[in-house]
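As the structure lists them, so they are numbered: ligands from 1, and atoms in each ligand from 1. Positions are given from 1, in the same order as the sequence printed here.
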Amino acid sequence: MKIIVTGGAGFIGSAVARHIINNTKDHILILDSLSYAGNLESLQSIAGNERYQFAQVDICNRQALDRIFAEFTPDAVMHLAAESHVDRSIDGPAAFIETNIVGTYTLLEAARQYWQGLGEAAKKAFRFHHISTDEVYGDLHGTNDLFTETTPYAPSSPYSASKASSDHLVRAWLRTYGLPTIVTNCSNNYGPYHFPEKLIPLTILNALEGKALPVYGNGAQVRDWLYVEDHARALYQVVCEGEVGETYNIGGHNERKNIEVVQAICRLLDELVPNKPANLAKYEELIAFVTDRPGHDRRYAIDASKIERELGWQPQETFESGIRKTVEWYLANKAWWSRVKDGSYAGERLGLTR
Ligand code: NAD
């Protein structure tokens with residue numbers, strides 16, 4: 001297969017790209033605008049492979065998309081490109097509307113035009129796989145409820161509202177034009193190559209520097225955590241074996257309160273780091289509760305039984321094994337994250353000095 005992976009320089013997209021190159025014979029073309037979240041250094045281990053190509057393209061640029069579709073002639077698109085950080089969507093929603101809604105629309109149109117020009121067999125085999133989030137469902141108030149594929153949409157933040165819009169567009173392009181689409185909605189991911197603005201890498205890296213570990217509100221918000229490589233495997237299985245028109249929820253059966261996640265990281269660092277910052281007996285001493293995020297969802301939890309039943313997918317990592325691997329990865333890969341933190345990963349191309 002030849003697969004376009006949009007957003008392939010991001011956290012999950014790069015895991016998908018590494019999974020495909022390392023475990024299949026497929027060819028991929030990564031299509032990514034290299035926003036602040038895109039990092040070619042996350043793709044270094046596969047960049048020399050002859051089945052790998054990269055194009056720096058914005059998904060809002062229709063002309064560039066048309067050229068890529070015509071030249072690469074994909075069998076499938078895995079669409080991960082997005083603005084993805086909830087806090088940024090609260091501070092500046094415009095980029096979320098542009099990329100997540102207008103960008104998805106532009107990509108759908110480019111895919112549709114290309115798909116309509118294919119022969120009958122190729123048309124039938126083509127897949128447009130849209131990767132989305134469980135945040136489109138809003139939040140759960142009962143402790144035993146779970147999001148299923150039929151839970152009504154009730155997004156809370158500009159991020160989740162923009163993702164919900166894109167999900168609707170994708171389903172409409174199947175219903176109206178027949179474009180063979182599939183949607184997946186996944187819970188919170190964590191693992192290697194995660195941008196350090198997100199809870200888990202932020203906690204690890206702040207702790208290593210002896211900085212405060214910010215936890216919103218009282219830390220009682222519950223998230224269901226999935227190790228990113230389990231998600232990448234699920235996505236590849238869906239694009240190969242999923243039914244057109246179906247939605248698959250993907251989750252890890254790993255509900256944890258945010259405060260429990262931060263405490264688990266602190267305990268691992270106590271065990272794995274021989275030299276703590278000065279005056280610190282335990283990393284937990286750095287935990288600092290901060291004013292809650294506006295509109296903060298209380299609990300997300302996903303029912304992933306459909307993908308398990310229909311495609312036989314199962315997560316391989318528990319939260320305990322995945323968080324240990326993640327902490328160990330950050331301890332072993334300072335070269336990757338220090339270039340993200342000092343801005344030099346992007347500095348050459350964007351002039352960033354964050
Ligand atoms: P990320 O922010 O790490 O990566 C997004 C990538 O998209 C970056 O490489 C960025 O450069 C690229 N991009 C942004 N705007 C673009 C544009 N206009 N044109 C082309 N490329 C652009 O995000 P992620 O965490 O890897 O998430 C990937 C997808 O998975 C997103 O669609 C997100 O909504 C979804 N998702 C994420 C999670 C999670 O926990 N991270 C959970 C469920 C679903």
Side-chain angles (χ1 to χ4, degrees), residues 4-18 29-43 54-62 64-65 68 77-89 94-107 110 129-137 147 155 157-167 170 183-201 223-232 234-235 248-252 254 261 300 302 304 340 345-346 349-350 352:
I4 289 180
V5 181
T6 75
F11 168 49
I12 302 172
S14 68
V16 168
R18 291 189 301 272
L29 186 148
I30 305 259
L31 193 157
D32 197 298
S33 64
L34 296 180
S35 76
Y36 81 93
N39 187 348
L40 288 177
E41 294 175 20
S42 305
L43 294 162
F54 177 84
Q56 184 173 1
V57 167
D58 191 312
I59 55 166
C60 298
N61 182 343
R62 177 65 194 273
L65 293 179
I68 299 245
V77 175
M78 298 176 80
H79 174 35
L80 295 101
E83 288 291 338
S84 69
H85 191 48
V86 176
D87 287 342
R88 285 182 189 256
S89 83
F96 288 72
I97 306 305
E98 191 62 20
T99 286
N100 298 359
I101 305 178
V102 179
T104 299
Y105 155 74
T106 309
L107 184 69
H129 176 185
H130 177 61
I131 284 80
S132 191
T133 165
D134 62 353
E135 298 190 31
V136 297
Y137 299 124
F147 297 131
S157 68
Y159 164 66
S160 53
S162 69
K163 289 297 291 187
S165 308
S166 66
D167 294 9
V170 170
V183 177
T184 51
N185 296 87
C186 186
S187 59
N188 276 33
N189 282 219
Y190 68 102
Y193 301 101
H194 206 181
F195 196 82
E197 65 188 350
K198 306 281 169 80
L199 177 69
I200 288 179
R223 302 289 179 264
D224 174 17
W225 293 94
L226 180 66
Y227 192 64
V228 67
E229 290 173 13
D230 278 328
H231 189 196
L235 295 178
Y248 299 91
N249 279 354
I250 308 173
N254 282 314
V261 170
Y300 306 138
I302 211 153
V340 174
Y345 78 106
R349 38 168 226 266
L350 297 177
L352 284 180

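Here the closest non-hydrogen pair linking Arg18 and Ser42 is NH1-O, 3.0 Å. Contact record, Glu83 with Ala95: CG-O, 3.7 Å, taken as the closest heavy-atom pair.
Here Phe147 pairs with Tyr137 under the ring-ring contact (aromatic ring centres under 6.0 Å, His included) rule; sequence neighbours left out. Applying the side-chain contact (heavy atoms from CB on, under 4.5 Å) test to Ala81 and every residue at least two apart in sequence or in another chain returns Thr6, Ile59, His79. Here Phe11 pairs with His194 under the ring-ring contact (aromatic ring centres under 6.0 Å, His included) rule; sequence neighbours left out.
Seen from the ring of Tyr105, Arg62 does not count as a face-on cation partner, given the 6.0 Å and 45° thresholds.
Under 4.0 Å from any atom of ligand 1, one finds heavy atoms of residues Gly7, Ala9, Gly10, Phe11, Ile12, Asp32, Ser33, Leu34, Ser35, Ala37, Gly38, Val57, Asp58, Ile59, Leu80, Ala81, Ala82, Ser84, Thr99, Ile131, Ser132, Thr133, Tyr159, Lys163, Cys186, Ser187, Asn188, Asn189.
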